[in-house]
Amino acid sequence: MKAQMEIMGLAVIVVLIALGIFIFIGLSARFGEVNQIVKPEAYNDERLATTYVDALLRTSVPSCHALHVDELLRDCALNNRTCGALGSCELVQLVIENVTNATLDVWGKNYSLNVTYPLGTKGISFSKGPPCVRRYGVEPYTVRLHPFPGDVLVELSLCKK
Amino acid sequence: MPTHLLKKGQLQMLESIGVIIIITFLIFFSFSIYQRFHASEIARKNQQQNQLSAIDVANRIGELPELQCSHVDVVTVGCFDLVKVQTFAAFATSPAFRLMYYPLLRESSITVYETYPSPHNFTIYEQNATNTSIPFFMPITIYHPQERTYGFGYIEVLKE
């Protein structure tokens, strides 16, 4: 009788351990599944980085014959002609600063926006927050200066949270 | 009755009761932990669902010919025509208008902002959306047909 009771106790313990293992495996499988799915916030920021630069470069600057930002970047790299009271380099920097202040800063994003010119023209760089540890990888947008001296690269990186 | 006088059967009974109490406690404890985990999981899923719906609404609104920039039937992606936006916004408060767009936009609040060169905004659709939801932003250019220029702006979508 005593031996039977002990076997019953052992069986209960085995059942409990098996149940625990099943629950553990079930939960870890579920977590793995969740981590593999692209999260909406990741999709948002990745898409935002692309559409933002696209819209920015197409924006017209009324104080400079309604030239688009990409045209001003091109002019800055090649000629830096005067437009109103400012040169195209200063003007395009001012426009980008205005736009980022009214959007990315207001949305509370940590970002870095860099414009790199060829031939040693001083680039533009705006950022908010500490340097990104992990960022959404977006290819730099290229403004062609065909056939010479190269390309202007516009890159917006949004930090992953 | 003094403890040393307890019979063997009574001691075993006490042991069993102790084991049952401990097992019951463990079951309740695990259940409460699971409940807590499950509640936060549901809240997180709900938030993700809202964000996905906001993305869906932003995509739909971006594809509306009523708002898109077009020139000789050629559509510019990621661009809204200012005159079309103003006209759309003028009808936004009309119940018939909201009823017409409800199957497409559901419970949401959609505002078009222009930030450069002249900051202003237009609420183009509003139907029972809460301000507590996480907004979805989609940068766009806003075409000014009279001046033939483009401003920088964005769409903000809030979902219930």
Side-chain angles (χ1 to χ4, degrees), chain A residues 2 5 8-9 12-13 15-16 19-20 23-24 26-27 30-31 34 37-71 94-109 156 158, chain B residues 8 12 15-16 19-20 23 26-27 30-31 33-34 37-38 41 44-56 58-59 62 69 76-80 113-121 134-144 147-157 159:
Chain A
K2 198 181 169 188
M5 286 292 282
M8 277 294 286
V12 168
I13 289 167
V15 166
L16 283 176
L19 204 68
I23 291 171
F24 176 74
L27 286 179
R30 206 164 149 195
F31 268 123
V34 167
I37 297 168
V38 177
K39 292 176 183 165
E41 55 268 29
Y43 173 78
N44 283 359
D45 284 350
E46 197 146 342
R47 181 177 153 149
L48 187 67
T50 318
T51 50
Y52 193 91
V53 176
D54 194 39
L56 178 66
L57 295 182
R58 223 186 313 156
T59 304
S60 313
V61 181
S63 57
C64 190
H65 318 294
L67 285 178
H68 295 182
V69 168
D70 62 341
E71 289 170 319
L94 203 66
V95 171
I96 294 174
E97 190 177 5
N98 276 347
V99 171
T100 53
N101 283 349
T103 51
L104 293 171
D105 288 358
V106 174
W107 301 339
K109 302 278 179 194
L156 172 66
L158 293 166
Chain B
K8 199 179 169 189
Q12 276 182 345
E15 226 172 65
S16 309
V19 168
I20 288 168
I23 288 175
L26 281 175
I27 289 170
S30 344
F31 190 70
I33 286 177
Y34 177 75
F37 163 78
H38 198 60
E41 183 71 10
R44 201 177 59 81
K45 281 252 164 78
N46 210 11
Q47 200 181 48
Q48 278 196 343
Q49 194 55 46
N50 274 350
Q51 284 179 297
L52 284 173
S53 310
I55 293 170
D56 188 37
N59 284 338
C69 305
T76 311
V77 180
C79 174
F80 279 10
Y113 289 85
E114 186 174 29
T115 56
Y116 182 86
S118 46
H120 49 257
N121 62 72
I134 298 171
F136 174 76
F137 302 110
M138 188 164 87
I140 51 164
T141 41
I142 296 171
Y143 180 60
H144 297 237
E147 296 91 26
R148 295 187 180 181
T149 58
Y150 293 89
F152 184 91
Y154 62 92
I155 308 168
E156 182 194 63
V157 179
K159 280 294 288 178

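Throughout, a chain's letter reflects where its sequence line sits, starting with A, and its residues are numbered from 1.
- When each of Ser63(A), Pro62(A), Ala66(A) is checked for heavy-atom pairs under 4.5 Å with chain B, Pro62(A) comes out on top.
- You'll find the side chain of Thr76(B) reaches within 4.5 Å of the side chain of Arg58(A), heavy atoms only.
- Neither the backbone nor the side chain of Val69(A) has a heavy atom closer than 4.5 Å to any heavy atom of chain B.
- We find the CZ-OG1 distance between Phe137(B) and Thr51(A) to be 12.5 Å, quoted to the nearest 0.5 Å.
- Between chain A and the options Ile142(B), Ile55(B), Thr115(B), the largest number of non-hydrogen pairs under 4.5 Å is found for Ile55(B).
- Contacts of Val77(B) with chain A are made by backbone atoms alone, with heavy-atom separations under 4.5 Å and no side-chain atom involved.
- With hydrogens and angles ignored, the 3.5 Å screen pairs a side-chain donor or acceptor of Ser60(A) with a backbone N or O of Tyr150(B).
- Residue Tyr116(B) forms a side chain to side chain contact (heavy atoms under 4.5 Å, CB included) with just one option from Thr103(A), Thr59(A), Leu56(A), and that option is Thr59(A).
- For the pair Arg47(A) and Asn59(B), the minimum side-chain heavy-atom distance is below 4.5 Å.
- Between chain B and the residues Val99(A), Val106(A), Asn101(A), the most heavy-atom pairs under 4.5 angstrom are made by Val99(A).
- In this structure, the ring of Tyr52(A) has its center less than 6.0 angstrom from the ring center of Phe152(B).
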